[in-house]
Structure formats: C-alpha cells, structure tokens
Engineer: 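Sharing a structure here in structure tokens format.
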Amino acid sequence: MVGFVILQPSTSLQVFVPYELSERILQYCRVDFKCLASSALVCRSWAYASRSCLFEKLTFRPELAQRFMGLISPIAKATLHTPPASTYCRTLHIRNMQATNTFCPFSDGDSSALLNHPLQPLFSTLTTLAFSHSTFPPIEKFMIFLSHFPTLLSLSLDDVHWDKQHPPSQTTIPPGSKLPSITSLDVRNVNWSQFFNCINNAQLLMNVTRLHVGPVDEWDIPPVSQYLFNVSPNLEYFSLRFKNRGWRKGYVCGMAPVVATYPVDFIAVESAINSGPVPLDSTLPGNGVREEYRRIWGLATSVYPIPKLKDVRIEQFVDTRFGVVQPTAIFWAPRVIASIIPPSIQRLELTLMLERAGQLDQYEINWKFLEYALCADDYKSLKRLVFRVGGPVDLVNLGDLISARLPIMAERGMLEFCRMEVDAN
C-alpha cells in the first residue's frame, strides 16, 4: 500500500492516508494551479497526483514554443525523479499555428519527419486534441499527422483552415491512417466542403459517435449530409448549428429525396420538387411526417435512419440578436426533425436567446408541425424536449408560452426549461 503519514499534533498517533485517498483530495484542487504546484513539492506520492492534474491539459502557442518543448521533453526530469509533463498530458490545445511557423507539424513538407517532431512525446498519451485559429498546408498531410496519435479519442477544430496559397497536394492518405480511434468530432468555422469532401472520399473518421457541426451554410449541406449518412450507424449524439441566412430549394435538399445518394444534381432535384409529389417508400417509417413537411414547405426530404442516436441538439433555434431572420426555427430545425429516423432518441435540445417571452410570436414558427413530428412514431422513444435559454427572459413566462404552443407535449410532461451556461454560444 502506497500512501503518506500525518502526524497528529496532540498525540503520538500516526494516521496513514492511502495514496488513492490523497489523489482524490487533490482532485478538488485541479483548477487551483498554485495549490497543485505547491502540493507537488510536499512528497513523492503527492508529486505524481498533483502533476497529473497540473499537466493533464496543456495549451501550445507558437510564441511560447521553446518553453513548451522544454516542459514535455523526455529529458525534462523533475527533482523528485517524476516523469516529464508529457506523461500526464491527455488534452492538448494548439492555438494560432500558421503554416509558416517553425514548429508547425508540416513545415518541412515531409510527413516521415513527424516521427522526430518536438510533439512526438505526446503522440502516445493524448486522448483529446484541439486546434483553433490556425492555418495549415494541405489537408491530406493534416490527416496523416493526426494518425500519429493512436490513443486519440476526441478531435476539435475551430477556425482552422488549410492554406489555399500552398501548392496543390499530391499526398494520398494511406490505408492505415483512417483515424479509427476518434469517437468524438467537434468542427466549427472551417471550410466545410474542403474538410468533409476529404474525409468522405478517404473514408476517415467513420467511428464517430458524438458529432458537433456548425455554423453550416446552405451550400455546405451536401458534404455534411454525406458524412452524417456515413457515420449514422454509430452516431449517438448530434449537435448542429446553422448560419443565420435564408435558403434556396436547390441547396437545402442536400441529398436526393427519400433515398440518400451522393453527389447531388441540384437542377434535377429542384425540377423534381417543382414537378409534383415525390413517391414515398411505404416501407420507411414516419412517411406521414415527411408528407406533412412536403405539404407545408414544398420540399422533399432525405431520410437518415440513425439507430443508436439518443441525443440531438440544435443550436440557436431562436436568437434575437440576429433580428427578424430566424431560419433555424422557421426552416432548418423542422427539416432536420423530418429527415432523421431515430428509434432510440431520448432527448432533443433547442437553444434560445431571448429578451422576453413574447418575442417568439414575432417569428413564423410552425409549432403544430414540431409537435406533430415529435409525437409521431419516429420519435416514440423521445422523453424530453429541452429548451436551453439565454438572455434576460423570464423562464416561467417562456415556459407558459411554449407549453401553450405545444399542449400535447406539455400534458405528457415532456417539456423542460433551463438556463444556458455562461460560456455557451
């Protein structure tokens, strides 16, 4: 048993504290870096527990590159003979990386050189990797770089771009670089066509169970839809955010009506929509919902059977900061609800940003369709419709208004209202 001894000042008794208990105590200090740094100097058993909290999440910035490399280097040994910081690191956030930076993983243009890259000590320990506000050379080399992290479970990209000025890449992604370990993907503010066309064509990231995408524009729908279709057998959580713009029939179809195929002939799709009813496959469940959607909006829908999907989140369902245009509530959310077949779904969350409850009536939200669809057979396992609310709006008044718009769901006790986290979008 490994632990440490506490001497009681009033007695001669010694209290033995197991290491597991001391580690649990130090977990409560994980956000107090000063406390963790001091605790690491108490004794060897505290050093490991403190450093595992202190270095669990690291951030890399090019301006502090030398200092960071010294921290994770294998030769960086502590005075108590504890391992370097790279041993404890599980999450790495890379910010403000540019293709011209000295420490950019692709600056030499040779993927084999990654084996000797300064970040190599982290290749075997990281489970979460995040990039933000960064620009890289060809996306194919970026994907090859990710394949050097065999334990990677979660990938996050925010405002990441691939340098268009860089010569076109001739790199092909080898079969062993499919990134099978990644199960969580969070992608925001990227070139959607470039990113999703790459992973769709190379069949990458096919084991994702948690997916967040946004904000998506209308012309980004085809590649995003194709990826959603590819990962649908494993998907358990799906979060989506649309840009605050209008829509056109040719783009919003995304994929061919009813049966998902790719690529899409937008002219043929729009012609089919305008020529009359599209035959529905009677073997597919929920066709009543899709017929009702077609009757109201004049558009056919794709069909996405997602057997394991339990939780769906649609962000900015209504956000009054955008003024009178609310395309998510008026168009996109109904389309998503009508397009998916989630037999295992338990929770649907919509986020709102309001100043007062009455603002909801300023927009032409089709509450009747939403309730009709969410009470249909496709959503028979749905237990909660959650409205996560931001802004100064009174939650009680808002709950009364939405309950009046969705009376059946209110009577069944399916509605839930809660406040949005401070740092949520």
Side-chain angles (χ1 to χ4, degrees), residues 211-216 218 221 224-225 228-229 231-232 235-243 247 249 251-255 257-258 260 273 278 280-281 284-319 326-352 360 363-388 402-403 405-410 412 414-417:
L211 175 64
H212 173 85
V213 177
V216 178
E218 57 176 334
I221 296 297
V224 175
S225 297
L228 177 62
F229 182 74
V231 299
S232 59
L235 200 61
E236 298 178 6
Y237 171 83
F238 180 43
S239 176
L240 187 60
R241 177 182 169 188
F242 294 95
K243 284 190 176 179
W247 57 89
K249 288 183 178 180
Y251 281 109
V252 299
C253 289
M255 301 168 72
V258 183
I273 290 171
V278 175
L280 294 173
D281 186 347
L284 292 173
N287 277 335
V289 173
R290 280 171 276 284
E291 288 176 342
E292 183 67 6
Y293 178 88
R294 168 69 179 269
R295 184 186 68 80
I296 296 173
W297 280 275
L299 292 169
T301 63
S302 305
V303 176
Y304 301 87
I306 312 180
K308 298 181 181 179
L309 187 64
K310 295 181 175 62
D311 198 345
V312 177
R313 173 184 169 108
I314 301 178
E315 297 186 358
Q316 293 182 344
F317 178 73
V318 171
D319 192 330
Q326 299 293 333
T328 301
I330 296 172
F331 180 79
W332 291 116
R335 182 167 183 81
V336 171
I337 291 171
S339 297
I340 62 177
I341 302 178
S344 302
I345 191 169
Q346 298 182 7
R347 186 174 181 274
L348 172 62
E349 179 178 313
L350 306 175
T351 67
L352 309 173
L360 278 180
Y363 313 113
E364 297 179 359
I365 302 174
N366 197 318
W367 296 104
K368 290 185 178 180
F369 173 81
L370 292 178
E371 185 169 61
Y372 170 75
L374 296 177
C375 292
D377 287 343
D378 279 5
Y379 289 85
K380 61 183 178 182
S381 62
L382 181 67
K383 292 180 173 59
R384 309 297 290 176
L385 173 58
V386 180
F387 291 89
R388 190 169 296 277
I402 294 180
S403 296
R405 302 294 181 269
L406 304 171
I408 298 176
M409 302 187 74
R412 295 179 181 178
M414 299 175 64
L415 303 183
E416 179 181 327
F417 302 88

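Worth saying up front: this structure is predicted, and the values here are computed from it rather than measured.
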Engineer: If you apply the rule side chain to side chain contact (heavy atoms under 4.5 Å, CB included), what do you find for I221 with F242, and how did you get there?
Structural biologist: CA-CA 10 Å; I221 296 297; F242 294 95; 3.9 Å; yes
Engineer: Going by salt bridge (charged side-chain N to carboxylate O under 4.0 Å, His left out), name the residues that satisfy it together with E236, two or more places apart in sequence or in a different chain.
Structural biologist: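 Applying salt bridge (charged side-chain N to carboxylate O under 4.0 Å, His left out) to E236 gives none.
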Engineer: Can you list the residues that meet the side-chain contact (heavy atoms from CB on, under 4.5 Å) rule with E416, with sequence neighbours excluded?
Structural biologist: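 For E416, the residues satisfying side-chain contact (heavy atoms from CB on, under 4.5 Å) (neighbours in sequence not counted) are R384, V386.
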Engineer: Could you walk me through whether I341 and I306 pass side chain to side chain contact (heavy atoms under 4.5 Å, CB included), step by step?
Structural biologist: CA-CA 6 Å; I341 302 178; I306 312 180; over 6 Å; no
Engineer: Tell me whether Y379 contacts the main-chain N or O of I337 through its side chain, where contact means a donor paired with an acceptor under 3.5 Å.
Structural biologist: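 Yes, Y379 side chain to I337 backbone: donor-acceptor pair under 3.5 Å.
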Engineer: If you round to the nearest 0.5 Å, how far is CG of L385 from SG of C375?
Structural biologist: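 That separation rounds to 9.5 Å.
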Engineer: For E371, check salt bridge (charged side-chain N to carboxylate O under 4.0 Å, His left out) against everything at least two apart and list the hits.
Structural biologist: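 With neighbours one apart ignored, the set is empty.
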Engineer: What do the steps show when you test E291 against R294 for salt bridge (charged side-chain N to carboxylate O under 4.0 Å, His left out), and what is the final call?
Structural biologist: CA-CA 5 Å; E291 288 176 342; R294 168 69 179 269; over 6 Å; no
Engineer: Are P334 and L370 packed together at the side-chain level, in the sense that at least one heavy-atom pair is separated by less than 4.5 angstrom?
Structural biologist: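 Counting from C-beta outward, P334 and L370 do come under 4.5 Å.
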Engineer: Return the CE to OG distance between M409 and S403, rounded to the nearest 0.5 Å.
Structural biologist: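 That separation rounds to 10.5 Å.
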Engineer: Would you call K310 and Y237 a side-chain contact if the rule is heavy atoms closer than 4.5 Å?
Structural biologist: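 No, side chains not in contact.
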Engineer: Starting at CZ of R313, measure out to OG1 of T351 and round the result to the nearest 0.5 Å.
Structural biologist: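 Rounded to the nearest 0.5 Å, the CZ-OG1 separation comes to 5.5 Å.
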Engineer: Please name the pair of heavy atoms, one in Q326 and one in F317, separated by the smallest distance, quoted to 0.1 Å.
Structural biologist: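 Scanning both residues, the minimum pair turns out to be OE1-O, 4.3 Å.
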Engineer: Is there a side chain to side chain contact (heavy atoms under 4.5 Å, CB included) between V312 and L240 once you walk through the steps?
Structural biologist: CA-CA 8 Å; V312 177; L240 187 60; over 6 Å; no
Engineer: Would you indicate whether the side-chain heavy atoms of R405 and K368 approach each other to under 4.5 Å?
Structural biologist: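 The answer is no; the side chains never approach within 4.5 Å.
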Engineer: Could you grab the distance from atom CG of L228 to atom CG of L235, nearest 0.5 Å is fine?
Structural biologist: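 One finds 6.5 Å between CG of L228 and CG of L235.
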Engineer: Is there side-chain contact between I314 and F238, with heavy atoms separated by less than 4.5 Å?
Structural biologist: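 No. Closest side-chain heavy atoms not under 4.5 Å.
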Engineer: What distance separates F331 CZ from N366 CG, expressed to the nearest 0.5 Å?
Structural biologist: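 The CG atom of N366 is 12.5 Å from CZ of F331, to the nearest 0.5 Å.
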Engineer: Are the side chains of L374 and M414 in touch, meaning some heavy atoms are under 4.5 Å apart?
Structural biologist: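 They are not in contact (no side-chain heavy atoms under 4.5 Å apart), so the answer is no.
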Engineer: For V318 and I365, run side chain to side chain contact (heavy atoms under 4.5 Å, CB included): C-alpha distance rounded to whole Å, both residues' side-chain angles, the deciding distance at 0.1 Å, then the answer.
Structural biologist: CA-CA 10 Å; V318 171; I365 302 174; 3.8 Å; yes
Engineer: Taking all heavy atoms of P307 and all of S232, pick out the closest pair and write down the distance.
Structural biologist: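 Heavy-atom minimum between the residues: CD-O, 3.7 Å.
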Engineer: Tell me if the aromatic rings of F369 and W297 count as close, with their centers under 6.0 Å from one another.
Structural biologist: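 Yes, the ring of F369 comes within the 6.0 Å limit of the ring of W297, centre to centre.
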Engineer: Minimum heavy-atom separation for A338 and R290, please, with both atom names.
Structural biologist: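 Between these two residues, the closest heavy atoms are O-NH1, 2.7 Å.
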Engineer: Rounded to the nearest 0.5 Å, what separation is found between the CD1 atom of I340 and the CD1 atom of I345?
Structural biologist: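 So the CD1 of I340 and the CD1 of I345 are separated by 5.5 Å.
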Engineer: List for me each residue that meets side-chain hydrogen bond (donor to acceptor under 3.5 Å, both in side chains) alongside R412, sequence neighbours excluded, and say none if there are none.
Structural biologist: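 Partners of R412 by the side-chain hydrogen bond (donor to acceptor under 3.5 Å, both in side chains) criterion come out as none, since no residue qualifies.
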Engineer: In this structure, which one of H212, E315, Q316 forms a side-chain hydrogen bond (donor to acceptor under 3.5 Å, both in side chains) with R241?
Structural biologist: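 Going through H212, E315, Q316 one by one, the side-chain hydrogen bond (donor to acceptor under 3.5 Å, both in side chains) with R241 is satisfied by Q316 alone.
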Engineer: Please name all residues satisfying side-chain contact (heavy atoms from CB on, under 4.5 Å) with S339, sequence neighbours left out, ordered by chain then number.
Structural biologist: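 Expected list: T301, Y304, R335.
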Engineer: For R347, what residues pass the salt bridge (charged side-chain N to carboxylate O under 4.0 Å, His left out) criterion, not counting sequence neighbours?
Structural biologist: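 Residues passing salt bridge (charged side-chain N to carboxylate O under 4.0 Å, His left out) with R347: D311, E349.
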Engineer: Looking at side-chain heavy atoms only, is the closest gap between L352 and D319 below 4.5 Å?
Structural biologist: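 No; the side chains remain at least 4.5 Å from each other.
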Engineer: Identify the two heavy atoms, one from S381 and one from P342, that lie closest to each other, and give their separation to 0.1 Å.
Structural biologist: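 Smallest heavy-atom distance, with atoms named: OG-O, 4.1 Å.
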